Amino acid sequence: MVWNDAETIDREQRRRRQDRRLRDVVASVAERVPFYREAFADAGVDPGEVEGIDDLAGLPFTSKEDLREHYPDGLFALPRSDLNCLHASSGTTGTPKVVGYADRDLEIWREVMARSLVAAGVGPEDTLQNAYGYGLFTGGLGFHYGCQELGAAVLPIGGGNTDRQLRFLRDLGSEVLACTPSYALYLAEQGEKRGIDVADLPVSAVVYGAEPCTDPMRAAIEERLGAAGFDIYGLSEIIGPGVSVECEARDGLHVHSDHFYPEVIDPETGEVLPAGEEGELVVTTLTKRGMPVIRYRTGDVTTLYPDACDCGRTTVRMDNVTGRTDDLLVVRGANLYPSEVEAAVLDLEGVAPHYRIDLYREGALDEFEVTVETAPGVDGEALREQVRERLEDRLAVAPDAVSVVGPGGIERTETGKARRVYDHREE
Ligand code: DLL
C-alpha cells in the first residue's frame, strides 16, 4: 500500500519534478533570504543559472550554526504574518533552532506523515497511541497531523506517564504505538514489572524514531511487544518526523525525495559521495515555503541506496542512522563513536540493549568507562570479561573500566531522547 502516486512514479518523471522544484526554491531563497543571497554570492553561484539537481553540488551548505547565528528567524523566507506554526529544538546543546511553517508546509507535513504511516502498515481503521512529546518538539504534532490526514484515530497522550500509557494500551487496544525506541523498551519493561503481558497487547506496529535504534534494540522491541518495528527519521530543520521511513520490506528508509532531496557527503571534504558509500546526510527542501533550507548538513551518518524496492516505491532509500558526525569522542587522542561501543557489545548474548559511556579527566589523562546491563538471570562477572575483551579488540582505545549492572541498572529516559554519553571532562 502506498499513500500517493508520487511514491511510485517513474524515476525520470520524479527527477524532472525535483529539477523544477529546485529551480523554484533557489530563486525563492535568493530573493527572500539575505543569508542565502550572500551565501550564493560568496560561492559565486548565480541563482538564475541553477537548472536542476545536477547543479546542486555547486551550491553552498547550510549548517546548524547558520541557524543559530540567525536566531530566531533570520532564515525565514516569509514574514511572520504568513506563517502558521513555529517549532524549536530544546536548546540543551546551545541556542535553540527555531523553524517556521507556512500553511502549505503543514500540508506537506501531513502528506509525508500519512505516507510514512501507510508505509508502516497503518490504516484509517487503526488507533495510534502517540507517545511522542507534544509541544515545541516536532514528534507529537507530526504524528498527530499524519493520523488526521490518514483518518486513523490518534490518542494524543504525549511522552512519559508510563502507568497511563500502559493502561490505555491495554484498555483501548491500540494497534499502533509511536514513540522513541528507548521508550518502547522502557514501556515493555515497566509492563512486565506490573504483570501485564505486553507481548499479548493488540499493538502490532511500533513506529519508532527521533534517536538511533540498534539491531539488538529493535529485536528486543519486536520480541517484547510482539509487534513489528518501523524506523522513521526526520529533523525539525527539514520538517520534523517524516523525512524517511521503512516500508514492509524493512530494508532501508524511503526518503520522501520529491520534497526532501538527499545527498551523502564526505564530512571532511564536503565532496558528494556515490550511492552505497557512507557519509553525512545533507538535505535540501524542495517545496517548503516558511523556512526552506539548501543543502542542510544534518550531521547524521548514513548511506543512500537508489535501487528498486520490493514494495513498489521508487524513492531512494537510506540506511538507518546509528550515529552523528558530531558524536565523535576524542579519547586520549583516539577517535571513538558511541555507535562503535554499541556495535561491539550489544550483540553479545546476555547483554541487554542499554549501555552508557562515561568520560572523566584524571590530571591530563582521559578516563573512559563503559557500563552495560545484563539481561535477567545472567552472570555479570563472566559477562564483564567478555565485554572487556570485545571492546579491547574492536575499539581504537581500550576502556579503563568496564562495569556490568543488573536489569534496570542503567537509567531510562521517560521523556525525550535517550542519553548514552556522559562527558564529565569539562566539569
Ligand atoms: O527527532 C523528529 C522526529 C520525531 C523523528 C519523531 C522521528 C520521530 P529533532 O528533535 O530535530 O527531530 O532531532 C533530529 O534526531 O538529526 C537525528 O540525529 C535524530 N533522529 C531522528 N530520527 C532518527 C532515527 C526529531 N530514526 C535528530 N534514527 C536527527 C536515528 C534519528 N536518529
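Side chains are part of it too, since the values below use all heavy atoms of this structure and drop only hydrogens, waters and symmetry mates. Both counts, for ligands and for their atoms, begin at 1 and track the order of listing. Residue numbers start at 1 and run along the sequence shown. Quick caveat: nothing in here was measured; it's all calculated off a predicted structure.
- The heavy atom nearest to atom 18 (O) of ligand 1, considering only Asp300, Thr325, Leu253, Ile239, is found in Asp300.
- In summary, the atoms of ligand 1 found under 4.0 Å from a heavy atom of Pro241, numbered by their order in the structure, are 2 (C), 3 (C), 4 (C), 5 (C), 6 (C), 7 (C), 8 (C).
- Residue Ile232 places at least one N or O, backbone or side chain, under 3.5 Å from an N or O of ligand 1.
- Within the 4.0 Å heavy-atom shell around ligand 1 one does not find Asn320.
- Considering only non-hydrogen protein atoms, atom 6 (C) of ligand 1 sits nearest to Tyr132 CE2, 3.5 Å.
- Closest protein heavy atom to atom 2 (C) of ligand 1: Gly234 O, 3.5 Å.
- Checked by distance only, ligand 1 and Ala210 come closer than 3.5 Å through their nitrogen or oxygen atoms.
- Tyr101 carries Lys288 over the face of its six-membered ring, with the cationic atom under 6.0 Å from the centre and within 45° of the normal.
- Proximity annotation for atom 28 (N) of ligand 1: of Lys417, Glu246, Glu211, Glu211 comes nearest, heavy atoms only.
- Considering backbone and side-chain N/O of Arg324, one or more are found under 3.5 Å from N/O of ligand 1.
- Those atoms of ligand 1 with a heavy atom of Val321 less than 4.0 angstrom away are 28 (N), 30 (C).
- Figure legend: Arg317 and Tyr305 shown without cation-pi pairing, the cationic atom not lying both under 6.0 angstrom from the six-membered ring centre and within 45 degrees of its axis.
- A distance of 9.0 Å separates CD in Glu349 from CD in Gln386, rounded to the nearest 0.5 Å.
- At least one N/O-N/O distance between Ser236 and ligand 1 falls below 3.5 Å.
- Those atoms of ligand 1 that come under 4.0 Å of a heavy atom in Thr138, given as number and element, are 2 (C), 12 (O).
- A 4.5 Å side-chain heavy-atom check between Leu395 and Phe368 finds at least one atom pair inside the cut-off.
- Under the 6.0 Å distance and 45° angle rule, Arg425 does not count as a cation-pi partner of Tyr360.
- Residues passing the side-chain contact (heavy atoms from CB on, under 4.5 Å) test with Tyr71 are Thr95, Pro96, Val98, sequence neighbours excluded.
- Geometrically, ligand 1 and Asp231 share a nitrogen or oxygen pair separated by less than 3.5 Å.
- Listed by number with element, the atoms of ligand 1 under 4.0 angstrom from any heavy atom of Gly139 are 4 (C), 6 (C).
- Ring centroids of His87 and Phe137 are separated by 6.0 Å or more, keeping the two rings apart.
- Between Arg115 and Asp258 a salt bridge is recorded (basic side-chain N to carboxylate O distance below 4.0 Å).
- Taking the six-membered ring for Trp and thresholds of 30 and 60 degrees, Phe40 and Tyr36 have ring planes inclined between 30 and 60 degrees apart.
- Residue contact check for ligand 1: Ser89 places no non-hydrogen atom closer than 4.0 Å to it.
- Using a 4.5 Å heavy-atom threshold, the side chains of Leu329 and Tyr337 count as separate.
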